[in-house]
Amino acid sequence: MAGVEGRVIAVTGAGNGLGRQYALVLAAAGARVVVNDLGGARDGSGGGSSAADAVVEEIRAAGHEAVANYESVATEEGGAAIVRSALDAFGRIDGVVANAGILRDKAFHTMTAQDWDAVQQVHLDGGFHVLRAAWPHFREQRHGRVVVATSTSGIYGNFGQANYGAAKGGLIGLINTLAIEGARHGILANAIAPMAATRMTEDIAPPEVLAALDPAHVAPVVGHLLTDECTETGAVLVAGGGQVHRVRQFRSKGVTFAEVPTIEQVGDRWADIVDLDGAVPGTNPVG
Ligand code: NAI
């Protein structure tokens with residue numbers, strides 16, 4: 001196979017915004033798509049089938065293949081049901097785009113445990129549930145493609161997004177290990193940090209900035225990560241408004257203490273410890 005032709009790909013949160021765009025582009029490129037969306041509001045409240053149905057209708061009207069799924073990614077049963085939709089409709093699952101997301105922005109001093117939990121459950125737990133259900137199929141067929149939706153808020157932080165940034169950072173931790181565990185089984189796992197004008201960002205960025213951020217710019221990057229030809233794994237890509245780049249962790253040269261240092265001795269060498277001149281890409285020293 002070439003590209004995503006004939007591949008079966010589940011896109012979570014595909015009823016709106018970026019997920020919808022991913023589903024449309026993948027279907028147009030020949031993939032068979034599970035359009036998952038529980039149809040809730042931006043904060044995760046409510047639900048319904050119309051968002052997923054509308055995208056499926058759009059794909060079918062264009063002569064391509066898709067089925068709808070209305071489960072929440074936030075439960076183990078929901079994750080399993082999304083993968084089952086792919087198997088029932090198309091007999092296989094080749095890729096997952098863990099894209100479903102909600103926002104509960106609050107400055108940390110006003111953030112409740114509910115605000116925290118709701119966001120972890122959709123983004124981080126949601127990624128786990130769907131990927132965990134797809135993983136045995138990927139291993140067995142020795143082919144799988146994982147793309148998780150992270151965020152520049154997870155990479156760099158953002159005011160009011162401690163819950164969201166933690167979940168998005170967690171997804172990078174997840175794909176780091178999935179890339180290692182998947183390597184022997186033909187499974188690639190990468191993260192996309194999109195920048196796009198959607199209902200999620202409509203009141204966050206000014207209109208002139210949003211005007212340049214059509215979600216259409218992000219979808220081909222996600223599409224590439226799902227192709228048979230892609231060899232990238234464990235990467236974090238930032239994409240939006242035509243700009244696409246990779247971010248990754250670097251480590252400073254650092255300092256090696258021959259003896260256990262005192263707190264003062266650490267302080268004395270601090271400038272050398274944090275100096276990034278000559279920094280190199282970091283790898284796990286105990287992995
Ligand atoms: P959106 O709000 O337009 O779409 C998110 C979709 O996820 C909605 O259709 C919603 O119903 C669905 N969803 C929410 N909870 C769900 C659940 N439990 N189960 C199934 N579906 C659920 O948002 P947008 O902008 O398209 O975001 C897509 C992803 O990209 C999210 O993970 C978001 O955090 C991420 N992202 C978006 C950025 C942007 O610039 N728009 C920036 C960084 C990250």
Side-chain angles (χ1 to χ4, degrees), residues 10-24 34-56 68-83 85 96-105 117-130 147-158 161 163-172 174 191-206 209-219 221-222 236-241 243 247:
V11 183
T12 71
N16 284 293
L18 285 155
R20 170 181 168 273
Q21 198 65 41
Y22 301 157
L24 295 177
V34 176
V35 175
N36 157 262
D37 207 295
L38 95 174
R42 189 172 85 161
D43 68 356
S45 60
S49 58
S50 58
D53 284 344
V55 176
V56 169
N69 173 287
Y70 319 113
E71 300 286 336
S72 172
V73 296
T75 66
E76 187 175 1
E77 299 72 35
I82 292 164
V83 172
S85 279
V96 169
V97 185
N99 166 79
I102 63 168
L103 280 186
R104 296 274 176 100
D105 287 6
D117 288 343
V119 166
Q120 305 309 315
Q121 282 161 10
V122 175
H123 292 274
L124 187 53
D125 299 353
F128 166 74
H129 292 311
V130 186
V147 180
V148 300
T150 184
S151 165
T152 51
S153 298
I155 302 168
Y156 302 116
N158 193 22
Q161 296 198 317
N163 51 358
Y164 180 81
K168 291 308 204 186
L171 285 163
I172 295 175
L174 176 62
I192 183 87
M195 296 179 296
T198 67
R199 68 180 190 176
M200 195 173 267
T201 48
E202 64 192 358
D203 54 0
I204 291 177
V209 172
L210 291 173
L213 296 179
D214 188 328
H217 285 297
V218 183
V221 183
V222 171
V236 179
L237 287 312
V238 178
Q243 160 69 207
V247 294

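Remember, it's 1-based here, ligands and their atoms both numbered in the order they're listed.
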*asked:* Tell me the nearest of Ile204, Val11, Thr198 to atom 24 (P) of ligand 1, using heavy-atom distances.
replied: Thr198

*Using a strict cut-off of 4.0 Å, indicate which atoms of ligand 1 neighbour a heavy atom of Glu71.*
19 (N), 20 (C)

*Report the distance from atom CG of Leu124 to atom NE2 of His129, rounding to the nearest 0.5 Å.*
9.5 Å

*Among Tyr70, Tyr164, Tyr22, whose heavy atom sits nearest atom 35 (C) of ligand 1?*
Tyr164

_For ligand 1, which is the ligand I care about here, please tell me if Gly15 has any N or O atom under 3.5 Å from one of the ligand's N or O atoms._
no

*For atom 27 (O) of ligand 1, which of Gln161, Met200, Glu202 has the closest heavy atom?*
Met200

_Polar contact flag for Lys168 and ligand 1 (N/O pairs, less than 3.5 Å)_ = yes

*Below 4.5 Å, heavy atoms only, C-beta onward: do Thr152 and Val238 meet side chain to side chain?*
yes

*Is it the side chain (CB and beyond), the backbone, both or neither of Val122 that lies under 4.0 Å from ligand 1, heavy atoms counted?*
side chain

*Considering only protein heavy atoms, which is closest to atom 8 (C) of ligand 1, and at what distance to one decimal place?*
Arg199 NH2, 3.3 Å

*asked:* Salt bridge check, Asp117 against Arg104: does any charged N sit closer than 4.0 Å to a carboxylate O?
replied: no

*Nearest 0.5 Å, what's the CD1-CG distance between Ile82 and Asn36?*
3.5 Å

*Which heavy atom in Asp37 sits nearest to a heavy atom in Gly13, and how many Å separate them?*
OD2-C, 3.1 Å

*Report yes if some heavy atom in the side chain of Ile102 is under 4.5 Å from a heavy atom in the side chain of Asp43; otherwise report no.*
no

*Those atoms of ligand 1 less than 4.0 Å from some heavy atom in Gly40*: 11 (O)

*Closest to atom 21 (N) of ligand 1 (judged by heavy-atom distance), picking from Ser45, Ala100, Ala98*: Ala100

*Is a side-chain N or O of Ser85 found less than 3.5 angstrom from the main chain of Asn69, in a donor-acceptor match?*
no

*For His123, take its heavy atoms, then give the atoms of ligand 1 lying under 4.0 Å from any of them.*
32 (O), 34 (O)

*asked:* Would Asn16 count as a polar contact of ligand 1, with the cut-off being nitrogen or oxygen pairs under 3.5 Å?
replied: yes

*Heavy atoms only: which of Gly101, Gly44, Ala74 is nearest to atom 14 (C) of ligand 1?*
Gly101

*Closest approach of any protein heavy atom to atom 6 (C) of ligand 1, naming residue and atom*: Gly13 O, 3.5 Å

*asked:* Under a plain distance cut-off of 3.5 Å, with no hydrogens placed, do Asp53 and Tyr70 share a side-chain donor-acceptor pair?
replied: yes

*Between Ala81 and Glu71, which heavy-atom pair has the shortest distance, and what is it?*
CB-CG, 3.5 Å

*If you round to the nearest 0.5 Å, how far is OG of Ser151 from CG of Leu171?*
10.5 Å

*Provide the number and element of each atom of ligand 1 under 4.0 Å from a heavy atom of Ile102.*
14 (C), 15 (N)

*Nearest 0.5 Å, what's the CZ-CD distance between Arg42 and Glu202?*
6.0 Å

*asked:* As an exercise, identify every atom of ligand 1 less than 4.0 angstrom from a heavy atom of Thr150.
replied: 43 (C), 44 (C)

*asked:* Among Pro194, Ala14, Gly46, Gly48, which one puts a heavy atom closest to atom 30 (O) of ligand 1?
replied: Pro194

*Does Ala196 have a non-hydrogen atom less than 4.0 Å from ligand 1?*
yes

*At a 4.0 Å threshold, what atoms of ligand 1 neighbour a non-hydrogen atom of Asn36?*
20 (C), 21 (N)

_Nearest neighbour in protein (non-hydrogen) for atom 26 (O) of ligand 1_ = Leu18 N, 2.8 Å

*May I ask you to check whether Arg42 has an N/O atom sitting below 3.5 Å from an N/O atom of ligand 1?*
no

*Residue, atom name and distance, where the atom is the protein heavy atom closest to atom 11 (O) of ligand 1*: Asp37 OD1, 2.6 Å

_Residue Asn99 vicinity, atoms of ligand 1 by number, heavy atom under 4.0 Å_ = 28 (C), 29 (C), 30 (O), 31 (C), 32 (O)

*Met195 and Val218: which non-hydrogen atoms are nearest, and at how many Å?*
O-CG2, 4.0 Å

*Considering only heavy atoms of Thr201, which atoms of ligand 1 have at least one such atom less than 4.0 Å away?*
39 (C), 40 (O), 41 (N)

*Can any side-chain N or O of Gln120 pair as donor or acceptor with the backbone N or O of Asn163 at less than 3.5 Å?*
yes

*Can you measure from CG (Asn16) to OG1 (Thr198) and round to the nearest 0.5 angstrom?*
8.5 Å

*Is Ile192 close to Tyr22 at the side-chain level, that is, under 4.5 Å between some pair of heavy atoms?*
yes

_Measuring from non-hydrogen atoms of Gly126 to any atom of ligand 1, is the shortest distance under 4.0 Å?_
no

*asked:* Please list the nearest protein heavy atom to atom 19 (N) of ligand 1 with its residue and the distance rounded to 0.1 Å.
replied: Val73 N, 3.1 Å

*If you look at every heavy atom in Ala205 and Leu210, which pair is closest and at what distance?*
O-CD1, 3.4 Å

_Nearest non-hydrogen protein atom, atom 16 (C) of ligand 1_ = Leu38 CD2, 3.2 Å

*Can you tell me the protein heavy atom closest to atom 18 (N) of ligand 1 and the distance?*
Ser72 OG, 3.0 Å

